[in-house]
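Please read these numbers as outputs of a predicted model, since none were measured by experiment. No hydrogens, no waters, no symmetry mates; every other heavy atom, side chains included, goes into these values.
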Amino acid sequence: MKTMSMDYERKILLIGFLKYIGFNRKKIMQEDIDNRIKVQKLVYFGKALGLPLDYDFNLYLYGPYSSGLTKDYFNISDEEWANGKIDIPANVSDLLKQLKGRDALFLEIAATLHSIKTANPDASEDLLINIVTDIKSERLNGKSEAHKYVRDTFNFLKKVKLL
């Protein structure tokens, strides 16, 4: 019997996660960037919550981004899709249900807040909110109260114990 490669196992877990959050292959492949932003951020949070989603993330234009994740979800075979599965503990499941109902911008802001706070654990709440408001000002342009939006997102993350 052939042993599964690490890449194959990583993709099987990813596919299980994508199925769990309600994404199918067509939804990801569509040109709608919001779907890909949501996938990136939900996988980011899944990993942050301890799921075995082995992807490295760096801050990029739309927040934390993994090129390995992009490569994997664009190269999923039919067989891999059929075999995708992941075990998600109840406590993680509850939080993912709250996150997966959010829009791409909320997830982008939330993941950016989380990523910067994780890299700078001593940063104050106000400093963090100001930094994210500044670096996301163009994306938040449509929000008349950008600072309040970022603060509300921060407060959500605190409430669910992600910060």
Side-chain angles (χ1 to χ4, degrees), residues 10 13-24 26-70 72-73 84-163:
R10 180 171 87 168
L13 292 168
L14 170 63
I15 294 160
F17 185 78
L18 294 174
K19 288 177 177 179
Y20 173 80
I21 62 172
F23 276 78
N24 59 38
K26 183 179 178 190
K27 192 171 182 177
I28 297 167
M29 299 303 192
Q30 291 170 339
E31 289 301 312
D32 181 5
I33 192 157
D34 282 358
N35 285 337
R36 293 195 293 276
I37 291 171
K38 284 183 82 165
V39 167
Q40 287 277 338
K41 302 327 160 222
L42 289 168
V43 170
Y44 171 84
F45 279 120
K47 179 181 179 179
L49 291 165
L51 296 179
L53 299 165
D54 187 26
Y55 294 96
D56 294 323
F57 288 85
N58 296 302
L59 273 181
Y60 198 61
L61 185 62
Y62 298 107
Y65 172 81
S66 171
S67 57
L69 172 57
T70 299
D72 279 358
Y73 66 63
K85 60 184 177 294
I86 191 170
D87 291 323
I88 298 180
N91 61 324
V92 173
S93 176
D94 291 343
L95 185 47
L96 285 174
K97 283 177 186 166
Q98 292 182 60
L99 289 171
K100 73 181 186 178
R102 299 296 188 131
D103 66 20
L105 181 62
F106 177 89
L107 293 171
E108 175 184 337
I109 300 300
T112 302
L113 283 163
H114 185 272
S115 176
I116 293 173
K117 181 65 173 174
T118 301
N120 303 281
D122 296 331
S124 72
E125 180 176 324
D126 286 337
L127 178 62
L128 186 62
I129 289 165
N130 288 335
I131 288 170
V132 173
T133 302
D134 286 346
I135 65 174
K136 293 294 174 186
S137 63
E138 197 171 307
R139 292 280 291 148
L140 290 164
N141 196 10
K143 300 268 182 225
S144 60
E145 297 182 26
H147 195 268
K148 181 183 181 319
Y149 185 83
V150 174
R151 182 169 297 284
D152 290 348
T153 305
F154 181 90
N155 289 335
F156 169 84
L157 292 173
K158 266 183 27 183
K159 185 180 93 179
V160 298
K161 298 180 177 34
L162 275 167
L163 285 181

Asker: Taking it one step at a time, do Asp34 and Asp103 satisfy side-chain contact (heavy atoms from CB on, under 4.5 Å)?
Answerer: CA-CA 8 Å; Asp34 282 358; Asp103 66 20; over 6 Å; no
Asker: Judged by atom type as modelled, is there a donor-acceptor pair below 3.5 Å linking the side chain of Ser66 to the main-chain atoms of Phe57?
Answerer: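 No, because the side chain of Ser66 does not come within donor-acceptor range (under 3.5 Å) of the backbone of Phe57.
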Asker: How far does CD1 of Ile109 sit from CD1 of Ile129, to the nearest 0.5 angstrom?
Answerer: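 Rounded to the nearest 0.5 Å, the CD1-CD1 separation comes out at 11.5 Å.
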Asker: Within a radius of less than 6.0 Å around NZ of Lys19, do more than 12 heavy atoms belonging to other residues, nucleotides or ligands occur?
Answerer: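 Enclosed.
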Asker: Can you find a heavy atom in the side chain of Asn130 that is under 4.5 Å from one in the side chain of Arg151?
Answerer: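 Answer no - side chains too far apart.
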Asker: So which pairs with a foot in residues 153-163 pass side-chain hydrogen bond (donor to acceptor under 3.5 Å, both in side chains), sequence neighbours left out?
Answerer: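 Residue pairs with at least one partner in residues 153-163: Glu125-Lys158.
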Asker: Does Asp134 have any side chain to side chain donor-acceptor pair (under 3.5 Å) partners at least two apart in sequence or in another chain, and if so, which?
Answerer: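 With sequence neighbours excluded, Asp134 shows a side chain to side chain donor-acceptor pair (under 3.5 Å) to no residue whatsoever.
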Asker: How many angstroms lie between CG in Asn24 and CG in Leu18, if you round to the nearest 0.5 Å?
Answerer: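 With rounding to 0.5 Å, CG (Asn24) is 9.5 Å from CG (Leu18).
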Asker: side-chain contact (heavy atoms from CB on, under 4.5 Å), that's the test. Do Phe45 and Leu95 meet it? Break it down for me.
Answerer: CA-CA 10 Å; Phe45 279 120; Leu95 185 47; over 6 Å; no
Asker: Starting at CG of Leu157, measure out to CG of Leu128 and round the result to the nearest 0.5 Å.
Answerer: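 So the gap between those two atoms works out to 9.5 Å.
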Asker: Using every non-hydrogen atom in the two residues, find where Leu163 and Leu113 come nearest and quote the distance to one decimal.
Answerer: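 Answer, listing the atom of Leu163 first, then Leu113: CD2-O, 4.4 Å.
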Asker: Can you name the side chain to side chain donor-acceptor pair (under 3.5 Å) partners of Asn120, sequence neighbours left out?
Answerer: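 In terms of side chain to side chain donor-acceptor pair (under 3.5 Å), with neighbours along the sequence ignored, Asn120 is linked to no residue.
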Asker: Kindly give the heavy-atom pair with the smallest separation between Pro64 and Ala111, and that separation in Å.
Answerer: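 Closest approach of Pro64 to Ala111, heavy atoms only: CG-O, 3.4 Å.
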Asker: Heavy atoms only: give me the nearest Pro89-Leu51 pair and the separation to one decimal.
Answerer: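 Reported closest heavy-atom pair: CD-CD2, 3.9 Å.
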Asker: Between Gly84 and Ile15, which heavy-atom pair has the shortest distance, and what is it?
Answerer: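 Nearest pair, atom of Gly84 first, then Ile15: CA-CG2, 3.5 Å.
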Asker: Can you list the residues that meet the salt bridge (Lys or Arg N to Asp or Glu O under 4.0 Å) rule with Lys136, with sequence neighbours excluded?
Answerer: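 Lys136: salt bridge (Lys or Arg N to Asp or Glu O under 4.0 Å) contacts with Glu108.
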Asker: Supply the atom-to-atom distance Leu162 CG to Leu49 CG, rounded to the nearest 0.5 angstrom.
Answerer: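 So the CG of Leu162 and the CG of Leu49 are separated by 5.0 Å.
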Asker: For Asn35 and Val39, run side-chain contact (heavy atoms from CB on, under 4.5 Å): C-alpha distance rounded to whole Å, both residues' side-chain angles, the deciding distance at 0.1 Å, then the answer.
Answerer: CA-CA 6 Å; Asn35 285 337; Val39 167; 5.6 Å; no
Asker: Do the side chains of Val43 and Leu14 get nearer than 4.5 Å, heavy atoms only?
Answerer: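 In contact.
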Asker: Not counting sequence neighbours, list each pair that qualifies as a side-chain hydrogen bond (donor to acceptor under 3.5 Å, both in side chains) and has a residue in residues 86-99.
Answerer: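 As it turns out, the side-chain hydrogen bond (donor to acceptor under 3.5 Å, both in side chains) pairs with a partner in residues 86-99, which skip direct neighbours, are Tyr20-Ser93.
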Asker: Please report the shortest heavy-atom distance between Leu140 and Ala146, naming the atom on each side.
Answerer: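 Distance-wise, the nearest heavy atoms are CB-CB, 3.8 Å.
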Asker: Going from OH on Tyr62 to CG on Leu105, what distance comes out if it is rounded to the nearest 0.5 angstrom?
Answerer: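 Tyr62 OH to Leu105 CG: 11.0 Å, rounded to 0.5 Å.
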Asker: Search all heavy atoms of Val132 against all heavy atoms of Ile116 and return the closest pair with its distance.
Answerer: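 The answer is CG2-CD1, 3.9 Å.
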Asker: Please enumerate all residues that pass side chain to side chain donor-acceptor pair (under 3.5 Å) together with Lys100, with sequence neighbours excluded.
Answerer: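 Not a single residue meets the side chain to side chain donor-acceptor pair (under 3.5 Å) criterion with Lys100.
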Asker: With sequence neighbours excluded, what pairs up with Leu127 under the side-chain contact (heavy atoms from CB on, under 4.5 Å) test?
Answerer: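 Scan of Leu127 (side-chain contact (heavy atoms from CB on, under 4.5 Å), adjacent residues dropped) gives Ala123, Ser124, Ile131.
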Asker: Kindly write out the residues that satisfy ring pair (Phe, Tyr, Trp, His ring centres under 6.0 Å) with Tyr55, not counting sequence neighbours, or none if the list is empty.
Answerer: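 Residues passing ring pair (Phe, Tyr, Trp, His ring centres under 6.0 Å) with Tyr55: none at all.
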Asker: Please check if the side chain of Arg10 supplies one atom and the backbone of Asp54 the other of a donor-acceptor pair under 3.5 Å.
Answerer: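 Present.
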Asker: When rounded to the nearest 0.5 angstrom, what is the spacing between CD in Glu145 and CG in Asp152?
Answerer: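 With rounding to 0.5 Å, CD (Glu145) is 9.0 Å from CG (Asp152).
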Asker: Applying side-chain contact (heavy atoms from CB on, under 4.5 Å), run through Tyr149 and Thr133 and close with a yes or a no.
Answerer: CA-CA 9 Å; Tyr149 185 83; Thr133 302; over 6 Å; no
Asker: For residues 87-106, which residue pairs qualify under ring pair (Phe, Tyr, Trp, His ring centres under 6.0 Å), counting only residues two or more places apart or in two chains?
Answerer: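 Applying ring pair (Phe, Tyr, Trp, His ring centres under 6.0 Å) to every pair that reaches into residues 87-106, excluding sequence neighbours, yields Phe106-Phe156.
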Asker: I'd like to check the side-chain contact (heavy atoms from CB on, under 4.5 Å) partners of Asp122; sequence neighbours left out, ordered by chain and number.
Answerer: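 By the side-chain contact (heavy atoms from CB on, under 4.5 Å) rule, Asp122 matches no residue at all.
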Asker: Can you find a pair of side-chain heavy atoms, one from Pro52 and one from Ile86, that are under 4.5 Å apart?
Answerer: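 Answer yes - side chains close enough.
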Asker: Any side-chain hydrogen bond (donor to acceptor under 3.5 Å, both in side chains) involving residues 38-49? Give me the pairs, sequence neighbours left out, ordered by first then second residue.
Answerer: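 Output for this query lists Gln40-Thr70, Tyr44-His114.
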